[in-house]
> 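Before anything else, here's the structure in question.
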Amino acid sequence: SIARPLIKLAFGKDNFMKPFWESAYLNKEKSTFGNPSKEVEDIVPFLSKEAKILDVGCGDGRHSLYLADLGFQVDAFDISENAIAKINYLKECNNLNINTYVCDVLEFEFRYKYDLIIIHGVLQFIEKAKQPKIIELLKKWTNINGYHIVALFTDEEPVPDDLKDIMIGVFRNEEIKDYYKNWQIEMFESRKFNDEHENGIKHCHAMNKIVAKKLDVCL
């Protein structure tokens, strides 16, 4: 699974729900969601050494740690204190430069634009009414010729029972393309997969992935 929600956007601070990965983040020796995704690895040759990268809803850092280890400047945030504590531990152990924050996307204080923004396994946990605002905000803070990598769950498969209370913003298949009509779509993938976690939870998910590039005409 890749799900790392910004649940506070959906439920508010007083009703913060703790999904199964919260306890998994306490294991500092193993990545909760595995290795970096292929599309993240594939984008690396297209980034300058000075590229600024933002990892939205970063979880315990499978993308942030990988990119920082390659020498990129990485900012990462997540609503989970456990996730950020784990990244902070691992970045110290490996002498990596990652700026980390415990917040959701509407609380994050943008200071500059990014060359790559990763939004992996996040959007389906946000209310549908808020998704356009969030995507447009992230597009605004992306440099010309910068990239977005987005992965999200779609309604091609039913929401698993253990996630029904929090997966409140599932997308239609290919819906995410509508948000990037004025960008150049470099890659799009629609697929289904089965997932099993260490605690015995099994899921079947449908997913869209998109890699999009911001062009001059997007100004």
Side-chain angles (χ1 to χ4, degrees), residues 2-10 36-37 39-40 42-44 46-48 50-59 61-64 66-68 72-80 83-84 87 98-154 167-172 174-189 207-219:
I2 61 164
R4 296 182 303 279
L6 304 179
I7 296 175
K8 187 162 59 175
L9 283 174
S37 296
E39 61 273 12
V40 173
D42 288 348
I43 203 72
V44 169
F46 299 95
L47 301 174
S48 71
E50 295 75 30
K52 296 181 176 65
I53 298 171
L54 177 65
D55 193 355
V56 175
C58 58
R62 65 171 175 148
H63 295 131
S64 296
Y66 165 73
L67 292 164
F72 294 109
Q73 177 183 330
V74 179
D75 294 345
F77 65 84
D78 199 284
I79 197 65
S80 169
I84 297 302
I87 293 180
I98 306 174
N99 299 314
T100 57
Y101 309 87
V102 177
C103 65
D104 68 38
V105 67
L106 295 179
E107 295 175 334
F108 182 71
E109 295 184 9
F110 288 88
R111 295 170 294 161
Y112 39 73
K113 291 185 176 182
Y114 293 90
D115 302 291
L116 169 63
I117 296 182
I118 301 170
I119 318 158
H120 222 276
V122 172
L123 290 172
Q124 68 270 2
F125 295 99
I126 297 173
E127 294 175 13
K128 296 298 293 182
K130 295 180 180 178
Q131 289 169 354
K133 177 180 179 181
I134 289 168
I135 294 172
E136 289 305 313
L137 175 68
L138 296 173
K139 288 168 69 176
K140 172 185 174 182
W141 287 97
T142 305
N143 282 321
I144 297 298
N145 295 319
Y147 298 89
H148 280 191
I149 295 178
V150 184
L152 50 84
F153 293 155
T154 72
M167 198 183 291
I168 58 173
V170 174
F171 279 61
R172 301 184 311 278
E174 300 196 14
E175 179 185 353
I176 188 61
K177 286 183 177 180
D178 294 338
Y179 290 95
Y180 289 94
K181 287 182 176 179
N182 59 339
W183 286 37
Q184 179 172 297
I185 296 178
E186 303 284 341
M187 184 276 283
F188 178 80
E189 177 185 351
M207 171 181 287
N208 283 174
K209 291 185 177 183
I210 191 169
V211 179
K213 183 178 183 179
K214 184 175 184 177
L215 304 177
D216 288 341
V217 295
C218 301
L219 285 172

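Small disclaimer: the values here were computed from a predicted structure and weren't measured.
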> Ignoring hydrogens and geometry, is there a side-chain-to-backbone donor-acceptor pair from E136 to K133 under 3.5 Å?
no

> If every non-hydrogen atom of I98 is compared with every non-hydrogen atom of A68, which pair is closest and at what distance?
CG1-CB, 3.5 Å

> Hey, what do you get for CZ (F108) to CG (L138), rounding to the nearest 0.5 Å?
9.5 Å

> Can a donor-acceptor pair be found between the side chains of T154 and N208 at a distance below 3.5 Å?
no

> Can you measure from OG1 (T142) to CD1 (I117) and round to the nearest 0.5 angstrom?
3.5 Å

> Identify, with sequence neighbours excluded, every residue that meets ring pair (Phe, Tyr, Trp, His ring centres under 6.0 Å) alongside Y114.
Y112

> I'd like to know whether I79 forms a side chain to side chain contact (heavy atoms under 4.5 Å, CB included) with C103, so could you lay out the CA-CA distance, the side-chain angles of the two residues, the decisive distance to 0.1 Å, and finally the verdict.
CA-CA 5 Å; I79 197 65; C103 65; 5.9 Å; no

> What's the shortest heavy-atom distance between S37 and H63, and which atoms?
N-NE2, 3.2 Å

> Please name the pair of heavy atoms, one in Q124 and one in A151, separated by the smallest distance, quoted to 0.1 Å.
OE1-O, 4.4 Å

> What closest approach, in Å, do G59 and A83 show between heavy atoms, and which atom pair accounts for it?
O-CB, 3.2 Å

> So, E39 side chain and V211 main chain: donor-acceptor pair closer than 3.5 Å or not?
no

> Using atom types as modelled and distance alone, determine if a side-chain donor or acceptor of Q184 lies under 3.5 Å from a backbone N or O of L215.
no

> Could you go through F153 and F171, starting from their C-alpha distance and side-chain angles, then the distance that decides it, and tell me whether this counts as ring pair (Phe, Tyr, Trp, His ring centres under 6.0 Å)?
CA-CA 6 Å; F153 293 155; F171 279 61; over 10 Å; no

> Nearest 0.5 Å please: distance from the CD1 atom of I119 over to the CG atom of L152.
9.5 Å

> List the steps and the verdict of side chain to side chain contact (heavy atoms under 4.5 Å, CB included) for V40 and Y66.
CA-CA 9 Å; V40 173; Y66 165 73; 4.3 Å; yes

> Could you check L47 against I53 for side chain to side chain contact (heavy atoms under 4.5 Å, CB included), going step by step and ending with a plain yes or no?
CA-CA 10 Å; L47 301 174; I53 298 171; 4.1 Å; yes

> Verify the neighbour count for atom CZ of F46: are there more than 12 heavy atoms of other residues, nucleotides or ligands below 6.0 Å?
no

> Does Y180 have any side chain to side chain donor-acceptor pair (under 3.5 Å) partners at least two apart in sequence or in another chain, and if so, which?
H148

> Could you list the residues that satisfy salt bridge (charged side-chain N to carboxylate O under 4.0 Å, His left out) with K128, not counting sequence neighbours?
E175

> Rounded to the nearest 0.5 Å, what's the gap from CD1 on I134 to OH on Y179? Could you check?
10.0 Å

> Might you work through the side chain to side chain contact (heavy atoms under 4.5 Å, CB included) test for K139 and W183, ending with a clear yes or no?
CA-CA 10 Å; K139 288 168 69 176; W183 286 37; 3.3 Å; yes

> Could I get the full list of side chain to side chain donor-acceptor pair (under 3.5 Å) partners for K177, not counting sequence neighbours?
E174

> With sequence neighbours excluded, tell me which residues meet salt bridge (charged side-chain N to carboxylate O under 4.0 Å, His left out) with D75.
R111

> Do T100 and F77 touch side chain to side chain, with heavy atoms closer than 4.5 Å?
no

> Donor-acceptor pair, distance only, cut-off 3.5 Å: does the side chain of Q73 make one with the backbone of A51?
no

> So do the side chains of K214 and N145 get within less than 4.5 Å of each other, counting heavy atoms only?
no

> Identify the residue among D55, I43, N143 that makes a side-chain contact (heavy atoms from CB on, under 4.5 Å) with L116.
I43

> First locate atom CG of L67, then atom CD1 of I118, and finally report the distance between them rounded to the nearest 0.5 Å.
5.0 Å

> If we check side-chain contact (heavy atoms from CB on, under 4.5 Å) with I135, which of these qualifies: V150, D178, I176?
I176

> Within a strict 4.5 Å, meaning less than it, do heavy atoms of the Y147 and E186 side chains meet?
yes

> Apply salt bridge (charged side-chain N to carboxylate O under 4.0 Å, His left out) to K52 and list each qualifying residue two or more places apart in sequence or on a separate chain.
none

> Identify the heavy atoms of A76 and I84 that sit nearest to each other, and give their distance.
O-CD1, 4.5 Å

> What distance do Y101 atom OH and N99 atom CG have between them, rounded to the nearest 0.5 Å?
4.5 Å

